[in-house]
Protein chains: 2
Amino acid sequence: MAETTATAEHLALLLTESGMQRMAARALCALLYAEQETMTAGELGERLSASAGAVSGALKTLVTLNLVERVPAPGSRREHYRMRADGWAVMTGGNNRLIDAMVRSAEEGITAVGEDSIAGRRLAEMRDFYAYIQREIPALIERWHQQRRVR
Amino acid sequence: MAETTATAEHLALLLTESGMQRMAARALCALLYAEQETMTAGELGERLSASAGAVSGALKTLVTLNLVERVPAPGSRREHYRMRADGWAVMTGGNNRLIDAMVRSAEEGITAVGEDSIAGRRLAEMRDFYAYIQREIPALIERWHQQRRVR
DNA sequence: CTGAAGCTTCACGAATTACTGAAGATTCAG
DNA sequence: CTGAATCTTCAGTAATTCGTGAAGCTTCAG
């Protein structure tokens, strides 16, 4: 087995550059590349050379985002964590909160300036686009799950 | 007309929280809410109370991302800028670079650990998902443009 | 050709963000 | 019930990011 840590960290860097918090990205990638079903917070800390506090914060974020889940405890020790199988779908579809906000923000802007102004037309375009995406993304993800079930 | 600056800044904040650089987000939103077709770097600086340097950097970023375009100069003064009409589509579809990287990263990981390991199966799921998205997003955007042309 | 206006680049300093370490909370074994 | 192991929270600090201001470059008017 090659040095997977470097590969994992490389992906983490990519996610960080796309806006994810650094430690959250590192923890997610460590879970992704782990040759175990689950990891404890302590194991993650060791693997990442990070303090317990940093790991705790990162896991909280990841669990909130539904990218990682607490596992009830397979053996019987403390909390175990694993990346959710549908994590990537959640991450992509989960932008819904952002998209909703974009639609609302555009509407708010239109209310302020009127639809028949220069800015109003731009804002209407923005609203229409995000409303379209808002409609289509769930269907896209659904098709993915369907396709996946077939195999 | 209400105070549109606050609305613009609010949207900018949202974009910042989603990973866009602060000043780039502010400049984009200023252009979005502007009651003019185009703005010069100087006008933007004034509107944002930001230094020329900061505006210059932000515009460079936005032009590189294809969210904003230089306008050849309508009158004859210096560079004018405007938000591209398809900016939002570019912003959404433009994640392609990220998505390509995700696919590559997953494949790289699989090469390192083999497909028939615990990590290998997770990585294969990741690869399959992003390969799917890679295929579907362009079609999604294309349908948007089509729909739009109809009106 | 010369000067002025505007844009870009860059080094430095300010502000923000992220991590550590320690103290407190929680859970479980015995 | 008590103690040990692990996790969480938080204050302080380290690291990073971001913006300013100044200097240099480019373009254009005269």
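These values consider heavy atoms only, across backbone and side chains, with no hydrogens, waters or symmetry-generated copies.
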Mind listing the closest non-hydrogen atom pair of B/Glu43 and B/Thr38 along with its distance? OE1-O, 4.1 Å
Determine whether the side chains of B/Glu35 and A/Ser117 contain a donor N or O and an acceptor N or O closer than 3.5 Å. yes
Expected output is a numbered-order residue list: members of residues 17-27 of chain A with a heavy atom under 4.0 Å from any atom of DNA chain C. What is it? A/Arg22, A/Met23
To check you understand the geometry: which heavy-atom pair defines the closest contact between A/Ile133 and A/Pro138, and what is its length? O-CD, 4.3 Å
Categorize B/Ser49 for me: base, sugar-phosphate, or nothing, with a 4.0 angstrom heavy-atom threshold over every strand shown. sugar-phosphate
The side chain of B/Tyr81 is closest to which nucleotide in this list: C/dT8, D/dT8, C/dT20? C/dT8
For the pair A/Arg149 and A/Glu142, find out whether any cationic side-chain nitrogen is under 4.0 Å from an anionic carboxylate oxygen. yes
To the side chain of B/Ala50, which of D/dT20, C/dT8, D/dT8 is closest? D/dT20
Length of the line joining B/Leu44:CG and C/dC7:P, which is rounded to integer Å: 10 Å
Would A/Glu37 and B/Arg121 count as a salt bridge (Lys or Arg N to Asp or Glu O under 4.0 Å) if you check the C-alpha gap in whole Å, the side-chain angles of each, and the deciding distance to 0.1 Å? CA-CA 11 Å; A/Glu37 271 305 327; B/Arg121 276 183 285 276; over 6 Å; no
Between B/Trp144 and A/Tyr132, what is the ring plane arrangement, given parallel below 30°, perpendicular above 60°, and tilted in between? tilted
Which of C/dT8, D/dT20, C/dT20 is nearest the side chain of A/Ser51? It is C/dT20
Write down the distance between CD (A/Glu46) and C1' (D/dC7), rounded to a whole number of angstrom. 16 Å
Using a 6.0 Å cut-off, check whether atom CD of B/Glu46 has over 12 heavy atoms from anything other than its own residue. no
Protein-nucleotide distance (A/Leu59, atom CG; C/dC19, atom C1'), rounded to Å: 15 Å
Would you mind classifying the nucleic acid contact of A/Gly42 as base, sugar-phosphate or nothing, using non-hydrogen atoms under 4.0 angstrom? sugar-phosphate
Rounded interatomic separation in angstrom, taking CD from B/Glu43 and C1' from C/dA5: 14 Å
Give the residues of residues 60-70 of chain A touching DNA chain D, defined as any heavy atom closer than 4.0 Å, sorted by residue number. A/Lys60, A/Arg70
Short question: side chain of B/Ser49, backbone of B/Gly45 - any donor-acceptor pair under 3.5 Å? no
Between A/Glu115 and A/Arg127, is there a salt bridge with N-O shorter than 4.0 Å? yes
So what does B/Ala54 touch, heavy atoms closer than 4.0 Å: a base, only the sugar-phosphate, or nothing? base
